[in-house]
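Working notes, structure below.
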Amino acid sequence: MEERSNCAPHSWSESVVLDVKPLRSLAPMYPAPLGQKNTFSPPNAPPFVSVTTPFGSFTTESAFPPGFCPLFPSFAASHDVNQKPVDVNFVNNANGFARASEGPDINGSLHNASPSPSFQTPPAAIVSFNKEEPLASGASPPYGRTIKRSPCSNSIHIGNSETEGSNKKRIKTRRPKATGGDLSLLPSSSHDPREPVEVVLMTFDALRRRLMQLDESKRLRPDLKAGTIMMSSDLRANMVKRIGQVPGVAVGDIFYFRIEMCLVGLHSQSVAGIDYMTARFGNEEDPVALGVVSAGVYDNEEDNVDVLIYSGQGSSSKDDQKLERGNLALEKSLHRANEIRVIRSAKDPFVLNGKIYVYDGLYKIHESWVEKGKSGFNTFKYKFLREPGQPDGIAVWKMIEKWKQNPSSRANVILPDISSGIENMPVCLVNDVDDEKGPRYFAYSTTVSYSKPITSSRPLHSCMCNSVCMPGDSNCSCLHQNGGFLPYSSNGILISCKPLIYECSVSCQCPTNCRNRVTQRGVQVHFEVFRTRDRGWGLRCWDAIRAGTFICEYVGEVTESIQGVEYDEENDHIFQPRHADQGFKWNYVPELLGEPSSVDLSEISKPLSFIINSKNMGNISRFMNHSCSPNVFWQPVVHDHGDDGFPHIMFFAAKHIPPMTELTYDYGPSSAEMGDYVQSRRTKECFCGSVKCRGFFG
DNA sequence: GAAATCTCAAGAAC
DNA sequence: CGTTCTTGAGATTT
């Protein structure tokens, strides 16, 4: 199967600098209502939102992470092209299907109908993050684009300008703190379209988790509220509708809420299943479908993952469906033969409603018909066939389903469980790549060992809760230890990263199923240790992992310093808690909730001066490779002793991680970068492949 | 545990 | 430009 790159193409390891400025009221202008060729009046003195998140900084007006400068500095220059439908030229192929003429395709990917000359799927690298992106053009010279750097947000720091006449929600803002060396504000060389997509998803989910924490009663829907904040702040990607591939969104990407797909431009309907727009074909215009969400209740052929039978929209239980809106667009798409994005739902027992969304790539409609539904009314049906040559999407899920039912059906297994049963779930060892029979011997353990006994500097914290610790319980001392909030949501998701988390300890009265005992319960998902192509062994997971999910502890022998640890070429199994700020980039942006800017946690967190050596003894964590754009970060946690200087190192998912994606974390700056010349010989060349790769690590 | 009920936001249409 | 309509998701209750 297709192995996803281990390296998400950006780093979230830059410093968090936040600068949220008042919103302007421009948002509703883009994209213009379909078919409406109204003119656009440029905003007067647009205030804008500029946020530097873990993934970079962006603004409303030029909503780019560092290095993402708008291609069209002037709003006026590009606005009105967006008001017009996409212009697509098609030619008929031999089959009688209308087919798009092939146009230049910078990505070399199989996507779409690359109509010429006035519509072109944008090269991914220049796709922007904001609504001003000048594609889908029916009027402007499409090939006249030059990649320009405008004086964009990176260098602009405007204070608290106020929005005049904005009917949008205003968000209290604050000037960015001038941190030493604003590295994150420097232009980056990255033109990776995935970066803004991941920034949006991460910002959204951090907000959602925080809202959930603030309102445990769940009277409000945190997903909707976070979505509204993101929408009104224009914190979204790919705002212009397009046919085919969406820059920065890959086949197999997973989503936990419909609104997430809206925010990244994959499917702009927050509720409806069919997304569509008016496109121009020569002198004609037609509504065409852009994407559908299949909630999984259709009479789909289960075994054939390349076929989807999709039902039209409209209340089929009350009346015949009508050939309008989405249904009409699907019908037109059958004749225009344009590519349509398909999002399918998959069962995920780890989430409350039991399902998540998987982007399954591009399909075309090959057939349509009308049939009587159960209630006796006419329902439209559309037969979608998956375009060939795409990486596996939902097929990965189907494959893993089979593996879970029958583990022996997993080919190339060297060992069914390298933990020999001591993890909650088996961890199989597989090699789909070469003849290596396994890693060098080590003793599998789920707990760290200390070179000398921990001498607690203070008594072990403990609470007197009779039952599980409850949020808002002022009597729970563990709650106080953690700043008044439980660090995990009710389903065990880490809400935000902290210098240190105090889980309930062995001295606490609460039971083991207490919400504040997440990491001590151990691994909960199904891992496999696998052979990578160029980085030895690696770690990945059969399950989809939601951002904030506990992965595992770094297990090994804990010693106070690296002195005395024998170094050799083979010994790359040392964890050093350098660069303790790495997780904080993941946290929510307080300003978006009207909260004061948070203090820089990296300044108050004490540097940790121990190492963990997993050469001879360890768990799955010793197989996790380095990436400069990781999908996992570590978080110090204490629960079984009172010495805050020796916390457990616990790994959590930084992003939603699709099944079978390699798990990686940032090993930290290389020893040379840290000024440690003695240790700099340990520095290794990095093969992570990230566009933000630093070249060397640890 | 499945079905009914409730509430909700975004985009399309008007 | 503002208002209404359309669309089911997601949570809760039965």
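Protein chains get the first letters and strands the later ones, always in sequence-line order, with residue 1 at the start of each.
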For atom NZ of K355(A) and atom P of dG8(C), their distance in whole Å: 12 Å

Figure out the CG/C1' separation between D215(A) and dT12(C), and round it to whole Å. 14 Å

Tell me: CG of L352(A) to P of dG1(B), nearest whole Å? 13 Å

Provide, to the nearest angstrom, the distance between the CG atom belonging to N353(A) and the C1' atom belonging to dG8(C). 13 Å

Applying salt bridge (charged side-chain N to carboxylate O under 4.0 Å, His left out), can you list everything that pairs with D286(A), at least two apart in sequence or on another chain? K332(A), R336(A)

Using heavy atoms to find the nearest nucleotide of DNA chain C for R258(A) and E324(A) separately, return the residue whose nucleotide is more 5′. E324(A)

Rounded interatomic separation in angstrom, taking CD1 from I356(A) and P from dA9(C): 15 Å

Heavy-atom check, side chain of C510(A) versus side chain of R517(A), under 4.5 Å: yes

Terminal axes of the helix from dA2(B)-dT14(C) to dC14(B)-dG2(C) (5 end pairs apiece), angle rounded to 10 degrees, sit apart by 10°

Taking only residues two or more places apart in sequence or in another chain, which ones pass ring pair (Phe, Tyr, Trp, His ring centres under 6.0 Å) with F652(A)? F550(A)

For V370(A), is there any backbone N or O sitting under 3.5 Å from a side-chain donor or acceptor partner on N378(A)? no

Mind jotting down which residue pairs meet the side chain to side chain donor-acceptor pair (under 3.5 Å) criterion with at least one end in residues 260-270 of chain A? Sequence neighbours excluded, please. K241(A)-S268(A), E260(A)-H656(A), S268(A)-D275(A)

Could you tell me the separation between the CG atom of N491(A) and the C1' atom of dG10(C), rounded to a whole number of Å? 14 Å

Taking side-chain contact (heavy atoms from CB on, under 4.5 Å) as the definition, give me every residue that meets it alongside N406(A), ordered by chain and number, with sequence neighbours left out. S408(A), S409(A)

If I take atom CG in residue N327(A) and atom C1' in nucleotide dG8(C), what distance separates them, rounded to the nearest angstrom? 14 Å

Check whether the side chains of W369(A) and E371(A) place a donor and an acceptor atom closer than 3.5 Å, and report yes or no. yes

Atom-to-atom span, CG of D348(A) to C1' of dA9(C) - whole angstrom: 17 Å

Protein-nucleic acid N or O pairs under 3.5 Å, nucleotides 9-11 of chain B:
| from | atom 1 | to | atom 2 | distance (Å) |
| --- | --- | --- | --- | --- |
| dA10(B) | O4' | S270(A) | OG | 3.1 |
| dG11(B) | OP1 | R236(A) | NH2 | 3.2 |
| dG11(B) | O3' | Q269(A) | NE2 | 3.2 |

D543(A) (side chain) donor-acceptor with H526(A) (main chain) under 3.5 angstrom: yes

Quick check on M470(A): does its CE atom have over 12 non-hydrogen neighbours (other residues, nucleotides or ligands) under 6.0 Å away? no

